[in-house]
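Counting begins at 1 with the first residue of the sequence.
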Amino acid sequence: MQKIRTGRHCAFVMHVHVVFVTKFRHKVFTDTHLTHMDEIMRSVCADFACEPVAFNGKDNHVHLLVNFPPKVAVTKLVNSHKGISSRGSYFAGTLGGAPLSVVKQYIQQQNRPV
């Protein structure tokens, strides 16, 4: 069962899966980089009243699963993350078809670099 969040006049369960990719898919991230990025992503999410659900990555991209309120535009959330953490490309997708548990499992199973 997904946790239903509430605002003053609404109830919502909205998630977005965002993938940030390095420029030209260069393999630059290490575990230390990803740990630091996780902290940054959590800080940005807090600024938007979003809840980070899962974060992980590989040497050339990172995955972020976020529970966000309806007042937050996904583009503003993504651009704030990009402005702080990277200059590469990104992909954002809503979770209309896949169960949340499947997306979380996919993100957690990324082969994190050493």
key: Check: Val66 and Val53 side chains under 4.5 Å, non-hydrogen atoms   = no

Minimum-distance pair of heavy atoms, taken over all atoms of Gly57 and Gln110 = O-CB, 4.0 Å

task = Decide whether Phe91 and Val21 are clustered together by the hydrophobic rule: side chain heavy atoms of Ile, Leu, Val, Met, Phe, Trp, Tyr closer than 4.5 Å, transitively.
result = yes

Nearest-0.5 Å distance, CG of residue Leu34 to CG of residue Asn56 = 7.0 Å

key: Plane angle bin for His81 and Phe20 - parallel if under 30°, tilted between 30 and 60°, otherwise perpendicular   = tilted

key: Full working for side-chain contact (heavy atoms from CB on, under 4.5 Å) between Val19 and Val62   = CA-CA 6 Å; Val19 181; Val62 296; over 6 Å; no

Spacing of Tyr90 atom OH and Asn79 atom CG [to the nearest 0.5 Å] = 5.5 Å

remark   = Distance col, row Arg25:CZ vs Lys23:NZ, nearest 0.5 angstrom, shows 15.0 Å

inquiry  = Could you check whether any side-chain heavy atom of Phe55 comes within less than 4.5 Å of a side-chain heavy atom of Leu65, counting everything from C-beta outward?
reply    = no

ask   = Which heavy atom in Arg42 sits nearest to a heavy atom in Pro52, and how many Å separate them?
value = NH1-CG, 3.4 Å

ask   = Atom CD1 of Ile40 and atom OG1 of Thr35: how far apart are they, to the nearest 0.5 Å?
value = 11.0 Å

ask   = Any idea which heavy atoms bring Lys104 and Ala54 closest together, and the distance?
value = CG-CB, 4.3 Å

key: Distance-only side-chain donor-acceptor flag, His63 / His61, under 3.5 Å   = yes

message = Could you measure the distance from the CD atom of Gln108 to the OG atom of Ser101? Nearest 0.5 Å is fine.
response = 10.0 Å

key: Rounded distance (nearest 0.5 Å) linking atom CD of Glu51 with atom NE2 of His15   = 8.0 Å

Test item: Pro70 and Met14 side chains (from C-beta on) under 4.5 Å apart, heavy atoms = yes

inquiry  = Treating Ser80 as the side-chain partner and Lys76 as the backbone partner, does any N or O pair qualify as donor plus acceptor under 3.5 Å?
reply    = yes

query = What's the verdict on side-chain contact (heavy atoms from CB on, under 4.5 Å) for Leu77 and Val18, showing C-alpha distance, side-chain angles and the deciding distance?
reply = CA-CA 10 Å; Leu77 178 66; Val18 185; 5.8 Å; no

message = Quick one: does any side-chain atom of His33 pair with a main-chain N or O of Thr30 as donor and acceptor, under 3.5 Å?
response = yes

Nearest non-hydrogen partners of Phe29 and Pro113, listed with the distance = O-CG, 3.3 Å

Val13 to Lys3 - nearest heavy-atom pair and separation = CG2-O, 3.6 Å

inquiry  = The test is side-chain contact (heavy atoms from CB on, under 4.5 Å); show your working for Phe12 and Asn67 and say whether it passes.
reply    = CA-CA 9 Å; Phe12 57 93; Asn67 181 335; 4.2 Å; yes

ask   = Quick check: does any side chain N or O of Thr22 sit under 3.5 Å from a backbone N or O of Asn60, one acting as donor and the other as acceptor?
value = yes

